[in-house]
Amino acid sequence: MLQLLLLLNHKVNHCCCSVSGVLCLSVLVAFAACNAPPVPLDDILIEKTFEPEQCVRSVKVGDFVRYHYIGMFPDGKKFDSSYDRGSTYNVFVGKKQLIEGMDKALVGMCINERRLVKIPPQLAYGKQGYGDIIPPDSILHFDVLLLDVWNPEDGVQINTYHTPSVCSRKVEVSDYVRYHYNGTLLDGTLFDSSHTRMRTYDTYVGIGWLIAGMDQGLLGMCVGERRIVTMPPSLGYGENGDGSDIPGQASLVFDVVLLDLHNPRDGITVTNQMVPESCTRKTVAGDFVRYHYNGSLLDGTFFDSSYSRNRTYDTYVGRGYVIAGMDEGLIGVCVGERRTITIPPHLAYGEEGTGSKIPGSAVLVFDVHIIDFHNPSDNTAVVVTFKPEECEKQTKKGDFVKYHYNASLMDGSSIDSTYNYGKTYNIVLGANQVVPGMEDGLMDMCVGEKRHLVIPPHLGYGERGVIPGSAVLVFDVELVELEEGLPEGYMFIWNDEVSPDLFAEMDKNQDKQVEASEFTDYIIQQVNDGKGRLAPGFDPYRIIDNMFSNQDRNGDGKITEAEFKLKADEAAAHDEL
């Protein structure tokens with residue numbers, strides 16, 4: 001009896017490892033429990049060892065999946081692994097392409113979910129086992145990681161997560177687009193990115209230049225829109241993948257932002273933001289235009305501005321001096337007008353762009369403000385704004401005039417005003433003392449008359465100018481005073497008959513020669529007595545010095561009677577007696 005108990009006790013310790021020399025309450029029961037076979041599994045057991053935070057889609061019967069696995073026996077011994085082969089296991093679920101237990105275990109799994117699946121032999125390889133690898137009646141454990149799922153009925157899935165507030169146009173078939181993207185597999189593995197290359201992907205849409213899923217996924221997008229485009233392999237790279245980063249039968253996910261959009265048939269688009277109420281003239285081909293602009297790409301990326309240089313852009317229009325789209329967009333504008341000109345690349349900088357600032361095939365957007373324009377054939381435009389009822393004299397060449405003015409540019413920017421100084425501006429007409437356009441504008445004017453003058457730069461200060469180069473000038477002038485000038489070619493005239501003893505009267509010391517001081521004193525006296533008149537607006541002593549020099553034929557500083565002649569006696573005109 002003692003021998004039997006010891007034997008039983010040994011059995012309990014050996015099989016249960018829990019008695020430790022102390023008899024169980026029921027040795028027979030313990031003995032039976034230790035020697036019983038493991039309880040058979042009626043079905044698979046699933047332990048979720050990792051669950052992703054989001055599960056957009058779970059596996060259903062009929063889906064195609066790509067997953068990694070490690071196959072083990074209950075004791076932990078590995079019998080197979082997809083990792084060792086360096087390739088996922090790709091198969092349809094629920095179509096008896098797998099052992100029954102795995103077919104059931106994959107249903108309901110999410111991408112990146114990880115499961116430990118225990119499969120009884122009746123749902124695995126049963127009593128036959130599998131060759132030398134899996135013995136009969138084996139329970140199998142699989143550590144499964146799901147990487148991809150799709151269905152043959154799947155199409156492109158689009159999730160728009162940012163829509164711009166303004167969308168004037170959407171992508172259509174045959175449009176040319178520029179976009180950035182990140183390309184990943186369904187499990188998040190990055191396989192490509194335009195961002196890392198720092199260059200957009202540029203292509204036509206809907207004509208077979210892209211994989212079918214992307215061709216579909218880009219349609220209907222707005223510039224600035226952001227989308228997640230998910231596509232099954234049938235619309236991506238199919239059974240074979242791309243041969244490097246994209247495996248066969250892989251779903252693809254593209255995070256896309258559209259930056260640019262145009263069609264080869266596009267012309268420029270002009271949007272009038274502000275047109276002035278008064279527009280007496282619009283630009284035509286051959287005009288010279290001064291304008292400010294801000295230049296940006298279609299997605300709003302800034303590339304240039306005349307404002308930042310504090311200088312207008314000045315050019316002829318319609319003559320090929322600027323890109324074709326701008327040449328066209330600047331025709332028919334008014335001074336002061338603001339417009340937005342959108343230019344497709346074939347009318348701008350084409351496929352090459354300009355390098356750093358303007359990428360190839362870029363649509364350009366210019367916000368333009370027209371400052372002024374003129375034509376090289378323009379004359380001074382004169383508008384009489386007030387004319388007195390009585391006008392006895394009108395200005396002519398040689399007259400000495402005094403006038404007030406307010407000067408400005410065509411955009412209304414003030415340049416100068418005589419009113420600020422409290423005195424008139426005084427000139428001799430025809431003496432090149434003002435710009436030619438002002439000379440023209442002051443001709444045939446009455447005292448008290450007011451005029452509005454528009455002077456083109458070639459009659460103003462030209463291309464360089466003391467004010468902005470090539471600027472059209474605007475003057476509002478008022479004639480305050482007029483002193484009639486001398487006949488053309490004369491700087492001094494006699495009001496009375498000329499004395500027959502003119503030389504003798506000048507020769508005060510009777511030495512038969514007239515010195516400069518004698519000559520000057522005599523002329524000044526005649527003017528003071530009202531017998532003669534000097535040209536107004538000039539320094540009288542400079543005029544007299546010039547008259548003396550003309551009479552002093554030999555240049556010795558004295559005039560002899562032989563040298564002395566009246567102007568009427570001269571064959572050629574001189575500013576003298």
Side-chain angles (χ1 to χ4, degrees), residues 14-17 32-52 55 57-154 185-187 189 232-234 238-241 247-251:
H14 179 72
C15 69
C16 295
C17 303
C34 289
N35 286 277
V39 177
L41 294 175
D42 293 329
D43 203 349
I44 62 172
L45 291 178
I46 296 175
E47 178 186 348
K48 297 182 178 182
T49 56
F50 177 78
E51 291 185 82
C55 182
R57 176 175 180 173
S58 58
V59 178
K60 296 181 175 60
V61 172
D63 284 345
F64 190 91
V65 296
R66 294 191 311 109
Y67 63 93
H68 269 304
Y69 72 88
I70 299 173
M72 301 168 290
F73 296 113
D75 63 358
K77 181 180 178 180
K78 182 173 69 173
F79 62 81
D80 192 17
S81 172
S82 63
Y83 297 99
D84 294 342
R85 293 190 297 274
S87 175
T88 57
Y89 196 81
N90 308 334
V91 70
F92 281 99
V93 175
K95 293 189 176 183
K96 298 184 178 181
Q97 296 179 1
L98 294 161
I99 58 175
E100 186 177 354
M102 187 62 80
D103 247 353
K104 295 177 65 175
L106 291 170
V107 174
M109 282 194 79
C110 301
I111 299 300
N112 289 325
E113 183 179 338
R114 193 165 185 171
R115 290 181 174 184
L116 179 61
V117 183
K118 300 178 181 180
I119 303 176
Q122 68 270 21
L123 298 179
Y125 293 97
K127 296 183 179 299
Q128 290 76 30
Y130 188 80
D132 297 332
I133 301 175
I134 299 176
D137 295 320
S138 293
I139 297 174
L140 305 182
H141 292 184
F142 288 92
D143 185 353
V144 180
L145 174 63
L146 186 67
L147 300 180
D148 200 346
V149 57
W150 55 270
N151 193 281
E153 297 181 0
D154 285 350
L185 304 180
L186 208 59
D187 66 341
T189 301
S234 59
E239 294 183 4
N240 299 321
Q249 300 288 31
S251 300

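Since this is a predicted model, take the numbers as computed values, not measurements.
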Give me each pair satisfying salt bridge (charged side-chain N to carboxylate O under 4.0 Å, His left out) with a member in residues 116-140, each pair once, sequence neighbours excluded.
Lys127-Asp137
List in chain and number order the residues that pass side chain to side chain contact (heavy atoms under 4.5 Å, CB included) with Pro74, two or more places apart in sequence or in another chain; answer none if no residue qualifies.
Ile139, His141
Who pairs with Pro232 by side chain to side chain contact (heavy atoms under 4.5 Å, CB included), at least two apart in sequence or on another chain?
Trp150, Asp154, Ser234, Leu235
Close side-chain approach of Ser251 to Leu185, heavy-atom, < 4.5 Å
no
For Ser81, give me all partners under side chain to side chain contact (heavy atoms under 4.5 Å, CB included), at least two apart in sequence or on another chain.
Ile70, Lys78, Tyr83, Asp84
Mind checking side-chain hydrogen bond (donor to acceptor under 3.5 Å, both in side chains) for Thr88 and listing every partner two or more places apart, or none if nothing turns up?
Arg66, Asn90
Pairs where residues 85-94 contributes a residue and the test salt bridge (charged side-chain N to carboxylate O under 4.0 Å, His left out) is met, not counting sequence neighbours:
Asp80-Arg85
Any residue meeting salt bridge (Lys or Arg N to Asp or Glu O under 4.0 Å) with Lys48, in chain and number order, not counting sequence neighbours:
Glu51
When the ring planes of Tyr89 and Tyr69 are compared, do they come out parallel, tilted or perpendicular, using 30° and 60° as the limits?
perpendicular
To the closest 0.5 Å, what do you measure between CG (Leu186) and CG (Leu147)?
9.0 Å
Contacts satisfying salt bridge (charged side-chain N to carboxylate O under 4.0 Å, His left out) that involve residues 87-107 (not counting sequence neighbours) are Asp43-Lys104
Got a sec, which pairs hit ring pair (Phe, Tyr, Trp, His ring centres under 6.0 Å) with one end in residues 114-138, sequence neighbours left out?
Tyr125-Tyr130
Counterpart residues, ring pair (Phe, Tyr, Trp, His ring centres under 6.0 Å), relative to Phe92 (two or more places apart)
Phe64
Write out all pairs satisfying side-chain hydrogen bond (donor to acceptor under 3.5 Å, both in side chains) with one or both partners inside residues 106-116, taking only residues at least two apart or from two chains.
Glu113-Arg115, Arg114-Asp143
Val61: which residues meet the side chain to side chain contact (heavy atoms under 4.5 Å, CB included) condition with it, sequence neighbours left out?
Val107
